[in-house]
Number of protein chains: 2
Amino acid sequence: MSQTYTIRELADAFDVTTRTIRFYEDEGLLSPLRDGQNRIFRSRDRVRLKLILRGKRLGFTLAEIKEIVGMYDAPPGESGQLTLFIEKLRERRAELEDKRRDIDETLAELDALEEQSVARLKELTAK
Amino acid sequence: MSQTYTIRELADAFDVTTRTIRFYEDEGLLSPLRDGQNRIFRSRDRVRLKLILRGKRLGFTLAEIKEIVGMYDAPPGESGQLTLFIEKLRERRAELEDKRRDIDETLAELDALEEQSVARLKELTAK
DNA sequence: ACTTACGTTAACGTAAACGTAAATCAGCGC
DNA sequence: GCGCTGATTTACGTTTACGTTAACGTAAGT
């Protein structure tokens with residue numbers, strides 16, 4: 001147990017460059033351990049990287065991702081902070097639901113286009 | 001009918017700057033008519049702008065958006081081109097479905113976090 | 001006539017997210 | 001000890017998507 005990874009292993013696993021991973025560290029999105037000056041990534045870091053890349057695919061900036069990723073490892077203990085935390089969670093959820101609406105609309109339109117096109121193609125090839 | 005809009009009307013309607021709209025024109029994403037040197041946007045342009053901004057929210061680059069938006073106004077007439085067109089539509093749909101999966105996963109995780117947090121908060125305030 | 005509010009082109013600036021090149025260092029196999 | 005591989009840091013370059021500034025024209029309201 002307690003798997004660790006080198007920078008190259010993670011880079012290959014997620015198809016990013018080592019430069020990118022170091023950049024994420026510089027930006028405070030990852031914080032691997034060190035063996036001398038070599039980085040040692042734990043599964044915690046691996047999970048984080050996965051979250052980061054997913055966030056990117058969804059069009060979030062690294063700053064936004066930093067906030068989101070931060071939520072995964074620090075549910076606050078104090079009541080007031082916890083309430084704020086829950087508020088933030090709900091905001092994030094609302095954003096994602098907006099994006100999902102955007103996607104669903106686009107999908108519906110693409111489907112309509114495809115249907116028309118397939119019908120038109122049938123007409124053409126029927127002759 | 002045959003509504004038209006000024007650059008300012010569109011800018012206000014979609015909360016972008018006029019600079020942005022001109023930039024999109026430079027990039028070939030919009031092609032308004034002219035009255036002298038003033039731009040005249042038709043509802044076609046309005047629709048396109050809406051599509052562009054939706055694409056941006058989803059994290060597509062302007063180059064990708066250009067391709068996508070182009071699909072809305074040019075279902076090709078020739079059979080071979082039409083087949084290729086349908087292929088492209090399906091690729092785009094697959095991309096969007098991938099994004100939706102990303103969103104759904106994230107939503108599920110946020111929901112779990114929220115549930116935990118709410119429970120924890122209940123504990124805290126019960127005392 | 002004056003203001004304001006909009007329009008124009010052109011050029012330059014900027015933030016984000018890395019890429020790339022250069023130089024160095026550390027461990028392994030022989 | 002030598003060369004290879006893969007790690008490191010440092011630093012400058014690049015692309016995308018605009019913003020900003022300059023410098024000006026035009027048209028409507030008062």
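The sequence lines fix the lettering, A, B, ..., with proteins before strands; numbering per chain opens at 1. For clarity, every value in this text was computed on a predicted model and none was experimentally measured.
Residues passing the salt bridge (Lys or Arg N to Asp or Glu O under 4.0 Å) test with R90(A) are E114(B), sequence neighbours excluded. Not a single side chain to side chain donor-acceptor pair (under 3.5 Å) links R44(B) to another residue, sequence neighbours left out. With sequence neighbours excluded, no residue forms a salt bridge (Lys or Arg N to Asp or Glu O under 4.0 Å) with E27(B). For the salt bridge (Lys or Arg N to Asp or Glu O under 4.0 Å) test, residues two or more places apart in sequence or in another chain that qualify with E95(B) are R92(B). Evaluation of the salt bridge (Lys or Arg N to Asp or Glu O under 4.0 Å) rule for K88(A) yields E67(A) as partners, not counting sequence neighbours.
Take the nearest nucleotide of DNA chain C for L62(A) and for R34(B): the residue whose nucleotide is more 5' is R34(B).
Shown here is D15(B), whose CG atom has no more than 12 heavy atoms of other residues, nucleotides or ligands within 6.0 Å.
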Report, one line per pair, each donor and acceptor closer than 3.5 Å where one atom sits in a side chain of residues 29-38 of chain B; sequence neighbours left out.
unit_1 : atom_1 : unit_2 : atom_2 : d
R34(B) : NH1    : Q37(B) : O      : 3.1
R34(B) : NH2    : E25(B) : OE2    : 3.0

Under 3.5 Å, sequence neighbours excluded: what are the donor-acceptor pairs made by side chains of residues 116-123 of chain A?
unit_1  : atom_1 : unit_2  : atom_2 : d
S117(A) : OG     : L113(A) : O      : 2.7
R120(A) : NH1    : E123(A) : OE1    : 3.2

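Sorted by residue number, the members of residues 35-59 of chain A with any non-hydrogen atom under 4.0 Å from DNA chain D read Q37(A), N38(A), R39(A). Within residues 5-20 of chain B, the residues approached by DNA chain D to less than 4.0 Å at the level of any non-hydrogen atom are T17(B), R19(B), T20(B), in residue-number order.
Reading DNA chain D from its 5' end, the first and the last nucleotide to sit under 4.0 Å from a heavy atom of chain A are dA7(D) to dA11(D).
A salt bridge does not link E105(B) with K50(A): every distance from a Lys NZ or Arg NE/NH1/NH2 to an Asp or Glu carboxylate oxygen is 4.0 Å or more. Under 4.0 Å is where a charged nitrogen must lie from a carboxylate oxygen, and between R57(B) and D98(A) no such pair does. A salt bridge is defined here as a Lys NZ or Arg NE, NH1 or NH2 lying under 4.0 Å from an Asp or Glu carboxylate O, and D104(A) with R101(A) fails to meet this definition.
Stem analysis of DNA chain D (at least three stacked-register Watson-Crick or G-U pairs, each with both distances under 3.5 Å) gives C:1-30 with D:1-30.
L84(A) belongs to no multi-residue hydrophobic cluster, having no ILVMFWY side-chain contact under 4.5 Å with any other such residue.
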